Participant: 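Would you mind keeping the following structure in view while I ask a few things?
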Amino acid sequence: MSTKRQIIQIQERLPLAKGIPLSIQHTFAMFSASVLVPYILGISPSIALLMNGIGTLIFIFVTKGGAPAYLGSSFAFISPALIVINTPGLGYQYALGGFIVTGLLMCLVAGIIKMVGTKWIDAILPPAAMGPVVALIGLELAGSAAQTAGLLDENMQMAQNIDPKVLLVFLVTLLLAIFGGVLYRGFASAIAILISIVVGYVLALVLGLVDFSSIGSAHIFELPAFQGPKFNMQAILIIVPATLVVVSEHIGHQVVTSEVVGKDLLKDPGLHRSMFADGFSTALSGCFGSCPTTTYGENIGVMAITKVYSVWVIGGAALFSIALSFIGKASALIQTIPGPVMGGVSFLLYGMIGASGIRLMVDSKIDYSKARNLALTSVVFVVGLSGIAINLGQVQLKGMSLAAVVGMLLGLIMHILDKNHLTNEYEDADIIESEGIASETRTFTK
């Protein structure tokens with residue numbers, strides 16, 4: 001049994017024979033979620049695949065190949081975009097205008113971070129708060145993975161009369177993903193996720209769970225459906241509050257990726273670079289008719305499992321995504337991967353992200369004998385998992401996003417209290433010292 005897997009570093013290149021399967025693995029990991037967003041919004045998935053791939057390449061270029069991340073379709077904008085789409089006199093093109101404004105605002109935030117640095121993150125999100133925020137990125141997706149697998153219904157309740165075939169495919173895929181990374185040797189251990197998807201797909205095919213109907217209606221080659229944006233202040237005001245969600249999400253993803261790859265990406269290549277790239281990609285997507293982009297947790301999970309952090313591999317996945325946007329039948333074939341297969345893989349991927357947050361807390365050696373640390377971690381976890389939601393206009397803050405905001409506010413208050421406490425201690429020490437000198441002087445005078 002292999003006890004230690006070789007780590008492929010961020011800028012390390014691999015032979016094509018190894019790099020291509022690893023890139024395909026990333027493509028499969030992001031595909032179902034990234035395609036789901038344009039499907040819900042009523043636009044062609046092909047334009048999303050194209051802009052996701054282009055956005056990922058832009059991200060790699062802007063960060064100088066120093067931060068491995070795949071940019072997929074963002075779920076944060078679904079609710080406000082649907083409101084804009086269904087508002088009389090508006091439509092999806094006006095939502096695109098809002099996406100562009102949001103992307104530009106993220107670029108503005110990146111400029112501010114460039115000027116003031118990232119020390120404020122340590123102040124307002126100390127490890128006791130950041131750890132649970134990172135863990136929540138994976139934990140709040142657990143229900144989504146179970147729903148994709150067919151174990152939960154649309155109301156996130158236990159599904160009635162679960163098909164034994166569905167359960168079997170789910171368990172086989174999950175177990176292969178879990179034990180494959182442990183038992184496989186050499187290169188096979190690095191593509192354990194891809195192997196589990198392929199085996200799960202073949203099993204689903206044998207059991208009659210694969211539907212090929214979408215392939216027949218798809219064209220071999222097709223151009224993505226481009227459309228231009230329109231701007232309306234009402235639409236912009238509906239879309240823009242989601243900026244807070246994606247900014248906090250981006251910071252959380254960069255922190256968890258830093259933990260996975262063992263490098264502080266907030267400093268090198270810098271949060272300002274990654275935030276700018278994410279914002280620019282979102283604005284560019286809005287210009288061509290796609291949906292906003294964001295760094296993808298599924299791909300972070302793949303890196304955590306495989307120990308392959310190469311941006312060349314991520315770039316390869318981006319190229320595959322771009323190619324798929326023009327090959328209709330290939331895209332349709334990937335869409336035939338049944339839910340139990342992707343759900344089984346997602347179970348492990350999302351769990352790895354949650355575990356990364358716990359690892360962050362362990363590595364930071366947080367002293368939980370201090371009441372402030374215990375309170376920060378407890379409140380952030382409870383807020384994120386409680387289901388509490390706060391409405392900001394047409395956007396809801398809940399889960400990890402709300403927990404991040406609460407953690408920032410509490411962290412800032414704790415930081416101010418700590419500074420005041422230290423100041424008072426120094427002042428008391430000065431008073432004691434000065435009184436002691438004065439007392440000695442009086443004694444000497446006598």
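What you see is a predicted model; the values in this text were computed from it and never measured. The basis for the numbers below is simple: all heavy atoms, side chains too, and nothing from hydrogens, waters or symmetry mates.
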Participant: Measure the CD1-CZ distance between Ile337 and Phe31 for me, rounded to the nearest 0.5 Å.
Facilitator: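 Atom-to-atom, Ile337:CD1 and Phe31:CZ are 8.0 Å apart.
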Participant: Has the side chain of Asn86 got a donor or acceptor atom that lies under 3.5 Å from a matching backbone atom of Leu82?
Facilitator: yes
Participant: Give a yes or no on whether the ring-centroid distance for Phe77 and Phe99 is below 6.0 angstrom.
Facilitator: yes
Participant: Can you tell me how far apart CG (Leu104) and OG1 (Thr282) are? Round to the nearest 0.5 Å.
Facilitator: 10.0 Å
Participant: Can you list everything that forms a salt bridge (Lys or Arg N to Asp or Glu O under 4.0 Å) with Glu259? Sequence neighbours excluded, please.
Facilitator: Arg359
Participant: How many angstroms lie between CD in Gln234 and OG1 in Thr87, if you round to the nearest 0.5 Å?
Facilitator: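 If I round to the nearest 0.5 Å, the distance is 5.5 Å.
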Participant: Using modelled atom types only, decide if a donor and an acceptor are shared between the side chain of Ser364 and the backbone of Met361 within a distance under 3.5 Å.
Facilitator: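 Pair absent, no side-chain N/O of Ser364 close to backbone of Met361.
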Participant: With no hydrogens and no angle check, just 3.5 Å: does a side-chain donor-acceptor pair link Tyr201 and Thr336?
Facilitator: yes
Participant: Would you indicate whether Phe326, at its atom CZ, is surrounded by more than 12 heavy atoms from other residues, nucleotides or ligands within a distance under 6.0 Å?
Facilitator: yes
Participant: Could you tell me whether a side-chain N or O of Lys329 sits under 3.5 Å from a main-chain N or O of Ile215, the two making a donor and an acceptor?
Facilitator: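 Yes, Lys329 side chain to Ile215 backbone: donor-acceptor pair under 3.5 Å.
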Participant: With no hydrogens and no angle check, is any side-chain donor or acceptor of Ser290 less than 3.5 Å from a backbone partner on Gly286?
Facilitator: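 Not a single qualifying donor-acceptor pair exists.
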Participant: Got Ser274 and Gln254 here, is their nearest side-chain heavy-atom distance under 4.5 Å?
Facilitator: yes
Participant: Just checking, any donor-acceptor pair under 3.5 angstrom between side chains of Tyr70 and Ser321?
Facilitator: yes
Participant: Taking Ser73's backbone N and O only, do any of them form a donor-acceptor pair with Thr293's side chain (distance below 3.5 Å, no angle check)?
Facilitator: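 No: the side chain of Thr293 does not pair with the backbone of Ser73.
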Participant: Okay, side chain of Thr102, backbone of Thr243: is any donor-acceptor separation there less than 3.5 Å?
Facilitator: no
Participant: Is atom CD1 of Ile112 surrounded by more than 12 heavy atoms (other residues, nucleotides or ligands) closer than 6.0 Å?
Facilitator: yes
Participant: Counting only heavy atoms not in Phe212, do more than 12 fall under 6.0 Å of its CZ?
Facilitator: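 More than 12 heavy atoms, drawn from other residues, nucleotides or ligands, come within 6.0 Å of this atom.
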Participant: Check for a donor-acceptor pair, side chain of Glu298 on one end and backbone N or O of Ser346 on the other, with a separation under 3.5 Å.
Facilitator: no
Participant: How about Phe280: does its CZ atom have over 12 heavy atoms from other parts shown lying under 6.0 Å from it?
Facilitator: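 Result for CZ/Phe280: open.
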Participant: Might you point out which heavy atoms bring Leu324 and Ala330 nearest each other, and give the distance in Å?
Facilitator: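 Shortest heavy-atom separation between Leu324 and Ala330 comes out as CD2-CB, 3.6 Å.
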Participant: Work out which heavy atom in Val380 is nearest to a heavy atom in Gly407; give both atom names and the distance.
Facilitator: CG2-CA, 3.8 Å
Participant: Which pair of non-hydrogen atoms, one from Met51 and one from Ser281, has the smallest distance, and what is that distance?
Facilitator: O-OG, 4.4 Å
Participant: Working to the nearest 0.5 Å, report the span between OG1 of Thr257 and CD1 of Ile300.
Facilitator: 3.5 Å
Participant: Any side-chain heavy atom of Ser74 within less than 4.5 Å of one from Val37?
Facilitator: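 Answer no - side chains too far apart.
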Participant: So, the side chain of Gln11 versus the backbone of Gly65: is there a donor-acceptor pair under 3.5 Å, distance only?
Facilitator: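 Confirmed, Gln11 side chain pairs with Gly65 backbone.
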Participant: Ignoring hydrogens, what is the shortest heavy-atom contact between Asp367 and Asn373? Give both atom names and the distance.
Facilitator: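 That would be O-ND2, 2.9 Å.
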Participant: Please examine the side chains of Phe320 and Ile24, heavy atoms only from C-beta on, and report whether any two atoms are closer than 4.5 Å.
Facilitator: yes
Participant: Run the side-chain contact (heavy atoms from CB on, under 4.5 Å) check on Leu96 and Lys230 step by step: do they pass?
Facilitator: CA-CA 7 Å; Leu96 293 175; Lys230 294 182 179 179; over 6 Å; no
Participant: Do you know which two heavy atoms are closest between Val308 and Leu22, and how far apart they sit?
Facilitator: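 Shortest heavy-atom contact: CG1-CD1, 4.0 Å.
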Participant: When you look at Val133 and Ile251, which way does the side-chain contact (heavy atoms from CB on, under 4.5 Å) test go after all the steps?
Facilitator: CA-CA 10 Å; Val133 166; Ile251 295 173; over 6 Å; no
Participant: Taking the side chain as everything from C-beta on, heavy atoms only, tell me whether Val256 gets closer than 4.5 Å to Leu360.
Facilitator: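 Not in contact.
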Participant: Find the distance between CD1 (Ile85) and CD1 (Ile78) and round it off to the nearest 0.5 Å.
Facilitator: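 Here the rounded value is 10.0 Å.
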Participant: Could you tell me whether the side chain of Leu50 reaches within less than 4.5 Å of the side chain of Ile54, counting heavy atoms only?
Facilitator: yes
Participant: So Gln227 and Tyr92, do their side chains get closer than 4.5 Å, heavy atoms only?
Facilitator: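 Side chain of Tyr92 against side chain of Gln227, heavy atoms only: contact under 4.5 Å found.
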Participant: Short question: side chain of His272, backbone of Gly111 - any donor-acceptor pair under 3.5 Å?
Facilitator: no
Participant: When you measure from the side chain of Ser325 to the backbone of Ile322, do you find a donor-acceptor pair of N or O atoms at a distance under 3.5 Å?
Facilitator: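 Yes; at least one donor-acceptor contact below 3.5 Å.
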Participant: Pick from Asp264, Leu266, Val109, Leu265: which one makes a side chain to side chain contact (heavy atoms under 4.5 Å, CB included) with Leu271?
Facilitator: Leu266
Participant: Regarding Thr294 and Glu249, do their side chains bring together a donor and an acceptor under 3.5 Å, going by distance alone?
Facilitator: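 A donor-acceptor contact under 3.5 Å links the two side chains.
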Participant: Answer yes or no: does atom CZ of Phe61 have more than 12 heavy-atom neighbours from other residues, nucleotides or ligands under 6.0 Å?
Facilitator: no
Participant: Ser196 and Val345: which non-hydrogen atoms are nearest, and at how many Å?
Facilitator: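 Heavy atoms of Ser196 and Val345 come nearest at OG-CG2, 3.8 Å.
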Participant: Please determine whether the number of non-hydrogen atoms from other residues, nucleotides or ligands lying under 6.0 Å from atom NZ of Lys114 exceeds 12.
Facilitator: no
Participant: Hey, what do you get for CZ (Phe347) to OG1 (Thr173), rounding to the nearest 0.5 Å?
Facilitator: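 The CZ atom of Phe347 sits 12.0 Å away from the OG1 atom of Thr173.
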